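Each remark here refers to the structure printed beneath this line.
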Amino acid sequence: MIRSEQEQVRLGSLQQLRDLGINPYPAEEFIVSHRSEDLRDGFKEGVEVSLAGRMMSRRIMGKASFAELKDAQGSFQLYLNRDEICPGEDKTLYNSVFKKLLDRGDFIGVKGVTFLTKVGEPSVKVLEFKVLSKAIRPLPAVKTDEDGNVHDAFSDPELRYRMRYVDLCVNDKVKDTFVARSKIIRTLREAFDNEGWLEVDTPVLQAIPGGAAARPFATHHNALDIPLYLRIANELYLKRLIVGGFEGVYEFSRNFRNEGMDRTHNPEFTILELYVAYKDYNWMMKTIENLLGDVAKSVHGGKAKVVLAGQEIDFTPPYARITMRDAILENASVDIDKLDEDGIRSACKKLGIDVDESMGRGKLIDELFGEKCEHQYIQPTFITDYPVDMSPLTKTHRDKPGYTERFELFINGTEVANAYSELNDPIDQRERFESQAKLAERGDDEAMFIDQDFLRSLEFGMPPTSGVGIGVDRLVMMLTDQTSIQEVLLFPQMKPEQF
RNA sequence: GACUUGGUAGCUCAGCUGGUUAGAGCAUCUCACUUUUAAUGAGAGGGUCCUGGGUUCGAGUCCCAGCCAGGUCACCA
């Protein structure tokens with residue numbers, strides 16, 4: 001293996017540490033008394049502390065030095081004085097070990113006493129230090145000046161995503177994004193648990209990849225000798241649990257779709273699915289807008305207004321509600337209620353939308369909405385009442401024939417949530433699956449598979465239920481002002497690197 | 001999948017119509033420096049110019065093919 005100059009120097013230092021009897025990778029615990037931010041809060045001088053972390057920078061001034069020690073909370077300044085580190089004649093520990101053999105990026109543990117420097121910087125005067133782990137590769141040397149400008153940022157997206165560990169070490173804002181992601185998920189989970197809804201785990205490996213229309217990843221089970229698929233959705237399993245008597249179930253579901261990748265799509269992604277018995281989609285709209293208002297506040301210090309791509313998004317409920325028919329009427333001047341399938345098809349063609357004969361009425365309406373409407377909805381907006389043939393798992397509308405009780409939530413022109421009054425009529429559900437099968441014959445490769453066991457479960461009776469799926473990754477993007485899904489996934493999908 | 005932009009030192013980037021030994025800042029190494037904080041001063045080393053072909057007296061630069069990434073589009077109800 002070819003090593004760079006800097007790596008060779010570090011490997012040499014590693015050997016010299018060993019020659020001095022210092023284990024660069026010790027096994028024993030290092031007791032930490034404080035972490036950086038805790039120590040800074042209510043800082044007092046003269047406190048004995050022990051800290052551990054990564055040494056991010058050093059300023060050596062002859063017989064004294066300063067260093068930045070970075071832990072999970074932040075950074076803290078260390079002060080080292082030769083004669084306090086080495087009270088006797090032997091100055092090796094300071095002159096050789098600290099000044100020569102340690103490098104930026106090494107983990108060290110220190111024991112010392114807190115004090116304020118001349119310029120008032122809270123610091124630890126180090127009396128003892130210990131090598132905890134030697135780094136062989138140099139971290140990028142990112143520096144921030146007194147005005148907060150970042151110099152020589154580690155910014156190449158390919159390197160950042162492939163080596164997220166380095167990204168997290170040197171780009172503090174990256175860590176903040178993932179802390180926010182965790183907080184968003186925790187806030188959602190706490191809200192559901194407070195309602196008494198049950199968090200469940202359902203199969204990731206499925207024999208029939210149902211609940212959505214998407215190309216699955218296929219695999220094979222050797223012992224059973226059958227094909228299995230990574231789930232594209234978990235919806236049909238959660239409904240079986242409502243049949244089984246749970247009145248509220250939810251799952252943070254990692255789903256897998258074998259499709260294109262772009263700024264808002266990764267092959268694996270997380271959907272929060274929630275199903276609550278005896279509720280309808282009107283109740284779900286209220287629930288979702290209140291929930292997202294609270295989630296926004298939880299990550300923005302009590303404020304429900306967030307900035308996303310330079311625009312302010314207000315998560316304060318209530319959110320605008322508009323039917324799909326009215327949305328299309330407003331944005332494309334087409335009244336879908338007055339047109340049959342062929343009428344809508346020719347309206348699409350006039351608007352320059354690419355359509356073909358395999359598309360049914362619902363699919364045509366969906367194209368029309370996707371092309372002309374959805375990008376208009378920047379502030380949180382519920383689009384309601386979708387055509388029945390695009391929504392094979394949704395209850396028909398209580399008083400609008402041909403439509404369903406479904407809504408999607410759009411924020412910043414992107415779909416964030418999709419919810420229904422769930423279809424619980426087993427006869428109707430069977431017919432819907434059959435018409436999906438007909439669409440498939442007609443050439444629609446996104447039509448759903450028929451899941452006979454799911455139909456059987458409905459025949460045992462499912463209470464009226466409302467369900468929702470929330471795109472967790474997209475929600476995190478919107479609450480952390482990120483425009484790429486890769487920025488909210490710790491390890492976004494990449495082509496394998498050649499070593 | 002299509003189009004497009006890019007790939008040069010550990011990191012961030014220059015490198016003109018092809019022309020001596022490929023540059024800068026930070027980082028690294030050596031020396032100095034006992035309160036600095038983008039520490040400072042002096043000096044030094046460090047390169048598969050993404051890979052493979054081609055054109056040419058001569059290629060980081062031009063051409064072809066490939067690899068990887070970003071962006072846009074398609075796809076993803």
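What you see is a predicted model; the values in this text were computed from it and never measured. In what follows, chains are A, B, ... by sequence order, proteins preceding strands, each numbered from 1.
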I want to verify a distance call: between [options], whose nearest atom is closest to the [X] side chain?
X: A:Glu371; options: B:U48, B:U37, B:A74; value: B:A74
X: A:Asp152; options: B:U12, B:G10, B:U36; value: B:U12
X: A:Met61; options: B:A69, B:U35, B:U12; value: B:U35
X: A:Val119; options: B:U28, B:U37, B:A38; value: B:U37
X: A:Arg162; options: B:A69, B:C29, B:U37; value: B:A69
X: A:Asp156; options: B:A69, B:U12, B:U35; value: B:U12
X: A:Thr117; options: B:C26, B:U34, B:U36; value: B:U36

Quick one: does A:Glu45's side chain have a donor or acceptor within less than 3.5 Å of a partner on A:Leu116's backbone? yes
Taken to the nearest whole Å, CZ/A:Arg3 to P/B:G45 is 24 Å
Euclidean distance, atom CG of residue A:Asp262 to atom C1' of B:A69 [Å, nearest integer]: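 Computing the A:Asp262:CG to B:A69:C1' distance gives 15 Å.
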Can you say whether the rings of A:Phe369 and A:Tyr377 are parallel (under 30°), tilted (30 to 60°) or perpendicular (over 60°)?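 Correct class here is parallel.
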How are the rings of A:Phe66 and A:Tyr79 set relative to one another: parallel (under 30°), tilted (30 to 60°) or perpendicular (over 60°)?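 Tilted, since the angle between the ring planes falls between 30° and 60°.
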Taking A:Asp71 first and then A:Arg35, would you say they form a salt bridge - that is, a charged N and a carboxylate O separated by under 4.0 Å?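 Not counted as a salt bridge, because no side-chain N and carboxylate O are separated by less than 4.0 Å.
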Any ion pair linking A:Asp354 and A:Lys349 (charged N to carboxylate O, less than 4.0 Å)?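 The answer is no: the pair does not qualify as a salt bridge.
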Once you apply a heavy-atom cut-off of 4.0 Å, does [X] come out as touching a base, just sugar-phosphate, or nothing?
X: A:Asp103; answer: sugar-phosphate
X: A:Arg10; answer: nothing
X: A:Val142; answer: nothing
X: A:Thr144; answer: sugar-phosphate
X: A:Phe115; answer: base
X: A:Tyr79; answer: base
X: A:Gln77; answer: base

OP1 or OP2 of [N] under 4.0 Å from side-chain N/O of [X]:
X: A:Arg263; N: B:U72; value: yes
X: A:Arg59; N: B:A39; value: yes
X: A:Lys100; N: B:C31; value: yes
X: A:Gln486; N: B:G70; value: yes
X: A:Lys118; N: B:U35; value: no

Could you tell me whether A:Glu497 atom CD has more than 12 heavy atoms of other residues or ligands within 6.0 Å of it?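 Enclosed.
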So for atom NZ, which belongs to A:Lys111, do other residues, nucleotides or ligands contribute more than 12 heavy atoms lying within a distance under 6.0 Å?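 12 or below, so no.
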Under 3.5 Å, is there any donor-acceptor pair linking the side chain of A:Glu146 to the base of B:U37?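 No.
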Can you list the steps and then say if A:Lys363 with A:Glu367 is a salt bridge (Lys or Arg N to Asp or Glu O under 4.0 Å)? CA-CA 6 Å; A:Lys363 178 119 183 162; A:Glu367 286 290 321; 5.0 Å; no
Provide the distance between the two [atom1] atoms, one in [N] and one in [M], to the nearest whole Å.
N: B:U51; M: B:U8; atom1: P; answer: 10 Å
N: B:G54; M: B:A69; atom1: P; answer: 28 Å
N: B:A24; M: B:A14; atom1: C1'; answer: 7 Å
N: B:A27; M: B:A38; atom1: P; answer: 12 Å
N: B:G6; M: B:U17; atom1: P; answer: 14 Å
N: B:U28; M: B:G47; atom1: C1'; answer: 15 Å

Might you list the N or O atoms of the protein lying below 3.5 Å from N or O atoms in nucleotides 40-43 of chain B, with each pair's distance?
none

Which heavy atom in A:Leu339 sits nearest to a heavy atom in A:Ile344, and how many Å separate them?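 Heavy atoms of A:Leu339 and A:Ile344 come nearest at CB-CG1, 3.7 Å.
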